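Here the structure is a predicted model, which is why all the values come from computation and not from measurement. Below, chains carry the letters A, B, ... as their sequence lines are ordered, and counting in each starts from 1.
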There are 2 protein chains.
Amino acid sequence: MARTQGSHSGITGPRIRAAALRLFAQHGYAAVSMRQIAKEVGVQAGALYNYTPDKQSLLFRLMETHMRELLAAWAQEGASGDALAQLKSFVCFHIRFHMERPDAVFIAYMELRNLNEENFVGIEALRRRYEDALEQILKDGVASGCFRIPDTKIATLAVIAMLNGVMTWYRSGGRLSLEEVEGVYWEMVRKAVGG
Amino acid sequence: MARTQGSHSGITGPRIRAAALRLFAQHGYAAVSMRQIAKEVGVQAGALYNYTPDKQSLLFRLMETHMRELLAAWAQEGASGDALAQLKSFVCFHIRFHMERPDAVFIAYMELRNLNEENFVGIEALRRRYEDALEQILKDGVASGCFRIPDTKIATLAVIAMLNGVMTWYRSGGRLSLEEVEGVYWEMVRKAVGG
DNA sequence: GTCTATAGATCGATAGAC
DNA sequence: GTCTATCGATCTATAGAC
């Protein structure tokens, strides 16, 4: 069946999301207009509304997709061994996964306040599931005497905050390779939890 | 000399900056209009331009004031003793200072991309001075054999990132007092640097 | 120093042709 | 599915009265 006028083989949707991802990360959701997104894709602004009911849904879909990919990738990683080995897996996984998606990471952390209430609750639930995965490792390690941690909840948030800091400064091709960065951070995390 | 009509004893300027600080932190710079700021202060939008040449300058002033207050407060702290004692001073100071100004902290980290290039360079220089203060402590500690750190630059950024994480979850009146939080974080930082 | 009023631009979203 | 055209709202910033 022949496509109608103007069709681009169904790739416009992904291109819209890619453009929005880049522009939202660079300038912020509120500072980017639908016209800017359309221009980057090469269509008129009205055409965007064939792919998203509104701007808010476009933001939410980007954030939800990122969080679900994160959870799926960690589940796939299938960390095994004792708590120390699992924590090392988590640290390296987190750094690697996030470094591959700097724009999505940036949006997922910076644009929470631009979500409406319903969407905010949904994203927070997904983030909570990821934090819980790390906290379970820390709890297991405390139970087995592998770690010395006064408060696993705080330690969970502290480790994630520390690891997220990588993205504010790391640039590939810089002084250190990604493997070296993973090694340095793993060493700090390992010592911080008393492993 | 009698004041002219509508004067409010010269307090309108501070009230504008206070309103902008709160609104920028809550909704983001790009999402807040000059009319909203004016409404919160209780004046008309045009009156704001007696106190700032434009919206961009208003943002810059808030960020610059925050960074200069941070540097001045740390200088005033006058940390002394060996590197370990100085690091403990830094950790407690950082948590305390930042918890007292959540809105300013939020803006200083989230609105960098909304600064024009000249203003961005200025804020980054101030932030760099603060990071250098911490890195010097870490370097001193490494030189005196007090710390074991493979890379003081990364450790500096990791420590600050970890400490900044406090603000994403801590609420006064919660499970832990600020002193307890400082204690938990200090313990993690101390161990992470091998002190 | 604040007001009202407005210039001039841009926004999100929709309607209807093709 | 994309286009052109546009509605109605909102924005920053300015001008001039008081």
Side-chain angles (χ1 to χ4, degrees), chain A residues 1-21 23-24 26-63 107 111 113-119, chain B residues 1-21 23-24 26-63 107 111 113-119:
Chain A
M1 192 157 55
R3 289 196 170 274
T4 55
Q5 165 200 12
S7 171
H8 288 74
S9 312
I11 62 166
T12 302
R15 292 188 65 216
I16 288 172
R17 289 187 287 278
L21 190 75
L23 290 169
F24 288 167
Q26 184 170 0
H27 305 292
Y29 171 78
V32 173
S33 69
M34 295 297 269
R35 284 176 175 80
Q36 280 178 270
I37 298 170
K39 185 175 181 179
E40 176 132 330
V41 174
V43 297
Q44 292 300 312
L48 300 183
Y49 293 87
N50 290 319
Y51 298 92
T52 180
D54 49 38
K55 194 184 175 188
Q56 165 76 200
S57 298
L58 183 53
L59 173 63
F60 175 68
R61 173 153 181 192
L62 293 177
M63 295 176 72
I107 291 171
E111 303 295 355
R113 62 186 168 185
N114 284 312
L115 291 174
N116 65 32
E117 193 169 315
E118 177 188 351
N119 289 341
Chain B
M1 191 157 56
R3 290 196 167 274
T4 56
Q5 165 200 11
S7 170
H8 289 74
S9 313
I11 61 165
T12 302
R15 293 188 64 218
I16 288 172
R17 290 186 285 280
L21 191 75
L23 289 169
F24 288 168
Q26 184 169 2
H27 305 293
Y29 171 79
V32 173
S33 70
M34 296 296 268
R35 282 177 176 81
Q36 281 178 270
I37 297 170
K39 185 174 181 181
E40 176 131 330
V41 175
V43 297
Q44 292 299 314
L48 300 183
Y49 293 87
N50 290 320
Y51 299 91
T52 180
D54 49 38
K55 192 184 175 189
Q56 166 75 200
S57 298
L58 183 54
L59 173 63
F60 176 68
R61 173 154 182 191
L62 293 176
M63 295 174 72
I107 290 171
E111 303 296 353
R113 63 186 168 185
N114 284 311
L115 291 175
N116 65 32
E117 192 169 317
E118 178 188 350
N119 289 342

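Taking the charged nitrogens against the carboxylate oxygens, B:Arg113 and A:Glu111 do have a contact shorter than 4.0 Å, which makes a salt bridge.
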Can you give one letter per nucleotide of nucleotides 6-13 of chain C, going 5' to 3': B for a protein heavy atom under 4.0 Å from the base, S for sugar-phosphate only, - for none?
-> B----BBB

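The main-chain N or O of B:Ile37 is never found under 3.5 Å from a side-chain atom of B:Glu40 such that the two would form a donor-acceptor pair. No side-chain donor-acceptor contact under 3.5 Å links B:Gln26 to the backbone of B:Leu23. Under a 3.5 Å cut-off, the side chain of B:Gln56 and the backbone N or O of B:Asn114 do form a donor-acceptor pair.
Under the 4.5 Å side-chain criterion, counting only non-hydrogen atoms from C-beta, A:Glu118 is not in contact with A:Phe60.
In this structure, B:Lys39 atom NZ and C:dT2 atom C1' are separated by 18 Å, rounded to whole Å. Going from atom CZ of B:Arg15 over to atom P of C:dG1 covers 15 Å, rounded to whole Å.
Picking from D:dC3, C:dG1, C:dC3 the nucleotide with the shortest atom distance to the side chain of A:Val43 gives D:dC3. Looking at the side chain of A:Gln44, the nearest of the listed nucleotides D:dC3, D:dG1, C:dC3 is D:dC3.
The environment of CZ in B:Arg61 is sparse: at most 12 heavy-atom neighbours from other residues, nucleotides or ligands sit within 6.0 Å.
For C:dG1, the OP1/OP2 oxygens have no side-chain nitrogen or oxygen of B:Thr12 closer than 4.0 Å.
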